[in-house]
Amino acid sequence: MLMRRTLGIAAVLAAATIGAAGCGGSSSDDGAGGGPVTITLWHGQNQSAAKVINKLVADFNKTHPDVKVDSQVGSLADSLLQKTTAALAGGKYPDIVYTFGPNVANLARSPKALDMTATVKGAGWNWDDFFPPAREAVTIDGRVRAIPALIDSLAVVYNKKLFAQAGLRTPKAGWTWDEYRADAKALTDKAKGRFGTGWPGVGDEDTTWRLWPLVWSAGGNVLSADGKSAGYGGASGQQAFAQVQAMAQDDKSVYVDKTVGSDQTYRVFTSGRLGMIPTGPWELPVISASAVDYDVAPMPTFGGAPVTISGPDTWMVFKNSDARAKASTEFLKWLTAPEQDAVWDIDAGSLPLRHSSAEQPVWKAHVAKLTGLPAFVDALDSARVRPVIEAYPKLSEAVGQAVAGVLLGQQSAGDAQKRAVDGGNKALSGS
């Protein structure tokens with residue numbers, strides 16, 4: 001999830017080094033001599049999210065004298081995969097690492113990655129209380145390989161004033177992609193520098209993951225039934241890519257953002273020059289602080305049941321010793337409990353990981369102040385996730401580049417679909 005919030009700021013800490021303290025095993029770390037078991041957390045967060053995780057860690061350390069959590073950035077989240085892989089290869093690695101959902105399958109190959117299946121079935125975890133996408137994003141072949149850290153969903157944030165000026169009805173649950181296209185075209189006014197909608201055009205996962213709700217809604221999938229080939233090679237992929245072409249090339253109603261992280265898109269929206277944009281809850285605080293009178297609608301469909309995507313991020317545990325592994329799971333059990341989870345979600349720009357987190361007074365107070373937030377939470381019970389497979393990052397790259405080609409007018413929908421399917425199949429074959 002947080003790829004969209006952290007990409008583009010990695011340079012801030014690009015020179016950060018991986019501290020050795022707490023990364024390797026030692027007798028003192030394991031609580032020998034009566035001291036606490038010390039574990040290292042690489043949280044990968046920036047600014048307000050870093051402040052809240054450090055505050056929560058401090059609270060845990062005060063109330064759990066037998067465990068000491070050493071909270072470190074490690075590197076910003078979009079660079080943590082490389083840092084973690086290098087640390088594992090070097091033999092000095094942290095106990096807990098913040099990991100993007102698409103990277104879990106690759107890191108789970110390490111013999112040091114803890115299998116959490118038995119852990120989450122233990123007392124006090126209440127595993128079924130986590131929203132389905134959070135559980136699915138950490139499960140590989142029926143085994144739980146990480147603990148949910150953050151969760152989001154896509155919904156459409158729209159400018160109420162622009163809809164009214166164009167004489168359009170505001171979007172409601174059950175609206176279709178045909179209606180979305182028509183609205184985007186009606187909202188576009190080139191003379192005023194105004195676009196109906198937007199789509200990231202870099203060609204990375206930020207570009208890719210917005211296509212999957214269209215594919216799913218059209219009856220397709222990311223993978224075939226046997227998981228050996230791309231699942232968007234037939235009519236579903238044709239319909240999804242044709243929708244992108246219709247809006248971007250035929251109607252010219254799409255603002256294509258070629259900046260990493262799509263920051264420019266949201267500047268255009270908050271300046272009142274963008275009618276609507278599929279996005280996540282992390283953007284609501286900025287949009288709410290602007291002068292735009294906005295609201296949020298569910299993602300459109302091709303006529304079937306509503307479907308959106310959720311992109312959960314995770315905490316992965318790596319075993320340095322039995323004592324440190326036990327302490328790590330104790331900390332994560334505390335951190336993801338509803339009382340702490342609700343606090344973390346608010347400042348991290350996330351949604352509640354659990355149904356019970358959404359019932360916490362602090363979360364309800366947050367919802368009351370932020371227009372549209374319930375629409376993102378409501379979507380979680382029916383949201384789908386990307387497949388947790390090793391080949392997904394390469395498959396995503398192929399799809400993202402193909403979608404970008406359509407957005408930029410460089411490829412037809414048919415050619416782009418073929419490119420995406422060929423690239424996806426190549427990734428899945430391991431070639």
Side-chain angles (χ1 to χ4, degrees), residues 2-3 6-7 9-33 35-46 49-50 53-54 57 61 67-116 119 138 140 143-147 149-150 205 313-332 335 388-394 396-397 427 430:
L2 293 185
M3 190 178 298
T6 58
L7 280 173
I9 57 175
V12 176
L13 291 179
T17 58
I18 302 175
C23 295
S26 70
S27 59
S28 60
D29 291 342
D30 291 341
V37 177
T38 300
I39 58 173
T40 300
L41 166 73
W42 283 357
H43 60 71
Q45 305 301 309
N46 176 280
I53 192 66
N54 288 333
V57 165
N61 287 340
V67 179
K68 178 184 177 183
V69 180
D70 179 12
S71 178
Q72 303 176 10
V73 175
S75 177
L76 286 184
D78 50 300
S79 301
L80 269 181
L81 175 62
Q82 180 181 358
K83 297 287 186 180
T84 304
T85 301
L88 289 168
K92 281 194 170 185
Y93 47 88
D95 300 280
I96 305 172
V97 179
Y98 184 89
T99 305
F100 289 137
N103 297 332
V104 170
N106 285 286
L107 286 176
R109 297 171 57 194
S110 169
K112 296 295 185 182
L114 211 61
D115 187 321
M116 307 296 289
T119 297
V138 298
I140 305 173
R143 310 297 297 179
V144 178
R145 302 311 309 272
I147 299 299
L150 289 178
E205 175 63 13
D313 292 338
T314 74
W315 300 111
M316 290 199 73
V317 180
F318 298 96
K319 186 176 179 179
N320 280 291
S321 69
D322 288 342
R324 290 170 66 172
K326 181 180 178 181
S328 297
T329 57
E330 180 182 355
F331 169 68
L332 291 177
L335 182 65
V388 190
I389 56 171
E390 295 173 33
Y392 181 81
K394 290 185 178 179
S396 169
E397 182 180 0

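Predicted model, so just to flag it, every value in this text is computed and none were measured. We're numbering straight along the sequence, starting at 1.
- Under the salt bridge (Lys or Arg N to Asp or Glu O under 4.0 Å) criterion, E390 pairs with R109, sequence neighbours left out.
- Partners of N54 according to the side chain to side chain donor-acceptor pair (under 3.5 Å) rule, which considers only residues two or more places apart in sequence or in another chain, are S71.
- For the pair I140 and A108, the tightest heavy-atom approach, listed with the atom from each and the gap, is CD1-CB, 4.0 Å.
- In this structure, I39 CD1 and I96 CD1 are separated by 4.0 Å, a value rounded to the nearest 0.5 Å.
- In this structure, the side chains of I53 and Y98 stay at 4.5 Å or more apart for every pair of heavy atoms.
- You'll find the side chain of I147 stays beyond 4.5 Å of the side chain of V138, heavy atoms only.
- In this view, D115 and T117, R143 satisfy the side chain to side chain donor-acceptor pair (under 3.5 Å) rule, not counting sequence neighbours.
- Here the shortest heavy-atom pairing between A391 and A427 reads CB-O, 3.5 Å.
- Take K319 and apply the salt bridge (Lys or Arg N to Asp or Glu O under 4.0 Å) test, not counting sequence neighbours, and it matches D322.
- Nearest heavy atom pair, residue D95 against residue R324, reads OD2-NH2, 2.9 Å.
- Between Q72 and L41 the shortest side-chain heavy-atom distance does not fall below 4.5 Å.
- Here the shortest heavy-atom pairing between M116 and A146 reads CG-N, 4.2 Å.
- From T119, atom OG1 reaches atom CG of L332 across 9.5 Å, with rounding to the nearest 0.5 Å.
- Counting heavy atoms from C-beta outward, T329 and L114 have side chains that approach closer than 4.5 Å.
- Listed for the R145 side chain is a donor-acceptor partner under 3.5 Å among the backbone atoms of A113.
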- Task: Kindly indicate, with the supporting measurements, whether the criterion side-chain contact (heavy atoms from CB on, under 4.5 Å) is fulfilled by V37 and K68.
- Result: CA-CA 6 Å; V37 177; K68 178 184 177 183; over 6 Å; no
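- Listed by chain and number, the residues in a side-chain contact (heavy atoms from CB on, under 4.5 Å) with K112 are L88, Y93, S110, F318 (sequence neighbours excluded).
- Note that the NE2 atom of H43 and the CG atom of L76 stand 9.5 Å from one another [nearest 0.5 Å].
- Considering every non-hydrogen atom in both W42 and A87, the closest pair reads CH2-CB, 3.9 Å.
- Using a 4.5 Å cut-off on side-chain heavy atoms (C-beta onward), L80 and F100 make no contact.
- Here the CG-CG distance, from D313 to L150, works out to 6.0 Å after rounding to the nearest 0.5 Å.
- Residues N106 and P393 have side chains in contact (heavy-atom distance under 4.5 Å, counting atoms from C-beta outward).
- A distance of 10.5 Å separates OG of S75 from CG of L81, quoted to the nearest 0.5 Å.
- A distance-only check finds a donor-acceptor pair linking the side chain of T314 to the backbone of T99 [under 3.5 Å].
- For Y392, there are no ring pair (Phe, Tyr, Trp, His ring centres under 6.0 Å) partners two or more places apart in sequence or in a different chain.
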